[in-house]
Amino acid sequence: MTSKPANSGSNPEAHNPEAWAPATRLVHGGTLRSQFGETSEALFLTQGYVYDSAEQAEARFKNEEPGYQYSRFANPTVTMFEERLRLLEGAEACRATATGMAAVTAALMSYLNAGDHVVAARALFGSCRYIVEDLCPRYGIAATLIDGTDLAAWKAAITPKTKAVFFETPANPTLDLVDIKAVSEIAHEAGAMVFVDNVFATPMLQRPLELGADVVIYSATKHIDGQGRCLGGAVLGTQKFVDDHLSVFIRQTGPSISPFNAWVLLKGLETLPLRVKAQCENARLVADHLAGHRGVAKVLFPGRDDHPQADLVRAQMLGSGQVVTFCVHGGKQEAFRLLNALHIIKISNNLGDAKSLVTHPATTTHQRLKPEARAELGITDGMIRLSVGLEDAGDLIGDLDRALAAVG
Ligand SMILES: *Cc1c(COP(=O)(O)O)cnc(C)c1O
């Protein structure tokens, strides 16, 4: 099943979506309008598809005739989500998955073989680090974890056996950046493919494929849904990568997304630019306020000139992102006191939501790591990660001020 809409003939303006600006692609891109002419995209909540004849069934299974067979392989609502995201990213092909982790697993494991080598930045989302550090070696894939901000470390780690490099940027929760362009050049010289987890930047704020990456991965659970409702993921890359590796893996192993979740995420894409823009504006106000507060020891925010890699932020990102990480004076006790004193901002380890969410990485998302490993990543006991939502910035600042006062 191709990811191109099959019946765009019923939708005359769909003939050249590549010519549209991103906002238009996100509202109309990929629409497969049915014979009923519905305005909103249809939810095809179906497992299977009926055939006109036994001959037609045979032709579909032989790939001699286009059309759907079974929703583990493809589904029209899922196709709409994939095509809309593909148009936004400017990729040749896209496949959706049940979760962000299914996307990471499918992207890497569909491509790597026993005997291969993968190099990854060690500042990875916890489960991504598990895939590289624990799972890959069990299947004979050697893994090296390095400091992703250090180009010399990438050069030293990548060898002719390296088939893939993998990193997220900005990284959770310290918001360190990896130089996508420079690392892609180093990787490509050795013949390795570059896989980027682009969740924190969102497709609005960072364009990894244009910077040289080969595969972009999303947890659509975050900003693409953006309202905390369902899980989802996506992998984008060349048609060849998707045809030769990813599609077969998804079809045969089944990390397929539910059409219902794909429909929610498809509708989420319509408002993605508006939400991300508003969240970034809020995050900037919150970050600047926290940086000027004497109860705050440190603020890490890509949108501020005091970010350690401010030049790289300007070169590689189109906006600041909506996550602000900051440290209170003291440790766990002070951080907990702050979290427990918040009213509007909720304690939750999710991010990208309309609701502002706060988490204490050392005891939640990164508690699996040994203290030395946390220290290596710069995660301290006083560190707090704040995902800024869509509330009024003044209310958020008021909530933080009240909570900081409670810390003492
Ligand atoms: C949330 C997240 C994931 C995993 O996504 P799920 O949808 O929760 O499976 C992977 N990478 C990053 C950076 C994330 O924030």
Side-chain angles (χ1 to χ4, degrees), residues 91-93 95 100-172 176-201 206-218 233 235-249 253 309 312 316 369 373 376-377:
E92 287 179 17
R95 290 306 310 263
M101 283 322 303
V104 172
T105 309
L108 290 173
M109 300 314 259
S110 70
Y111 183 65
L112 294 167
N113 294 298
D116 290 346
H117 176 228
V118 55
V119 180
R122 72 167 77 91
L124 279 183
F125 183 76
S127 299
C128 295
R129 189 155 163 169
Y130 167 83
I131 303 283
V132 173
E133 211 173 15
D134 296 61
L135 200 60
C136 281
R138 281 175 46 201
Y139 293 90
I141 302 156
T144 307
L145 288 172
I146 56 155
D147 173 358
T149 66
D150 181 358
L151 288 179
W154 286 106
K155 277 193 192 122
I158 295 171
T159 75
K161 288 199 104 161
T162 309
K163 272 294 197 44
V165 307
F166 177 47
F167 56 87
E168 64 184 58
T169 177
N172 177 34
D176 289 331
L177 267 60
V178 175
D179 187 331
I180 299 174
K181 195 157 175 262
V183 172
S184 297
E185 278 164 15
I186 299 166
H188 289 159
E189 236 166 81
M193 292 246 299
V194 178
F195 295 72
V196 177
D197 178 335
N198 204 36
V199 168
F200 270 58
Q206 188 164 264
R207 321 267 310 145
L209 298 177
E210 289 167 17
L211 295 166
D214 301 292
V215 177
V216 179
I217 303 168
Y218 289 104
V235 182
L236 299 110
T238 60
Q239 194 70 54
K240 185 169 167 43
F241 171 75
V242 171
D243 288 349
D244 293 356
H245 302 281
L246 189 65
S247 283
V248 192
F249 188 90
T253 69
Q309 296 160 292
L312 184 55
Q316 148 168 321
L369 297 180
E376 207 173 41
L377 294 174

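Every heavy atom of this structure was used, including side-chain atoms; hydrogens, water molecules and symmetry mates were not.
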Worked check of side chain to side chain contact (heavy atoms under 4.5 Å, CB included) between L377 and L369 = CA-CA 10 Å; L377 294 174; L369 297 180; 3.6 Å; yes
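- When side chains are defined from C-beta on, L177 does not count as touching T149, because their heavy atoms never get closer than 4.5 Å.
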task = Could you walk me through whether Q316 and T169 pass side chain to side chain contact (heavy atoms under 4.5 Å, CB included), step by step?
result = CA-CA 10 Å; Q316 148 168 321; T169 177; 3.6 Å; yes
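- Taking the side chain as every heavy atom from C-beta outward, E189 and I158 never approach each other to under 4.5 Å.
- Distance alone, capped at 3.5 Å, is enough to place a donor-acceptor pair between the T162 side chain and the T159 backbone.
- Contact of the Y218 side chain with the L236 side chain is registered, since non-hydrogen atoms from C-beta on lie closer than 4.5 Å.
- V132 is listed as a side-chain neighbour of F166, based on a closest heavy-atom distance under 4.5 Å.
- Here the side chains of E92 and F241 are not in contact, with every heavy-atom distance at 4.5 Å or above.
- Counting heavy atoms from C-beta on, the side chains of M109 and Y139 come closer than 4.5 Å.
- The main-chain N or O of Q206 is found under 3.5 Å from a side-chain atom of N198 such that the two form a donor-acceptor pair.
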task = Could you go through the side chain to side chain contact (heavy atoms under 4.5 Å, CB included) check for D214 and H188 one step at a time?
result = CA-CA 10 Å; D214 301 292; H188 289 159; 2.8 Å; yes
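- Under the 3.5 Å distance criterion, the side-chain polar atoms of R129 are matched with a main-chain donor or acceptor of R122.
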ask   = Could you walk me through whether D197 and F167 pass the side chain to side chain contact (heavy atoms under 4.5 Å, CB included) check?
value = CA-CA 6 Å; D197 178 335; F167 56 87; over 6 Å; no
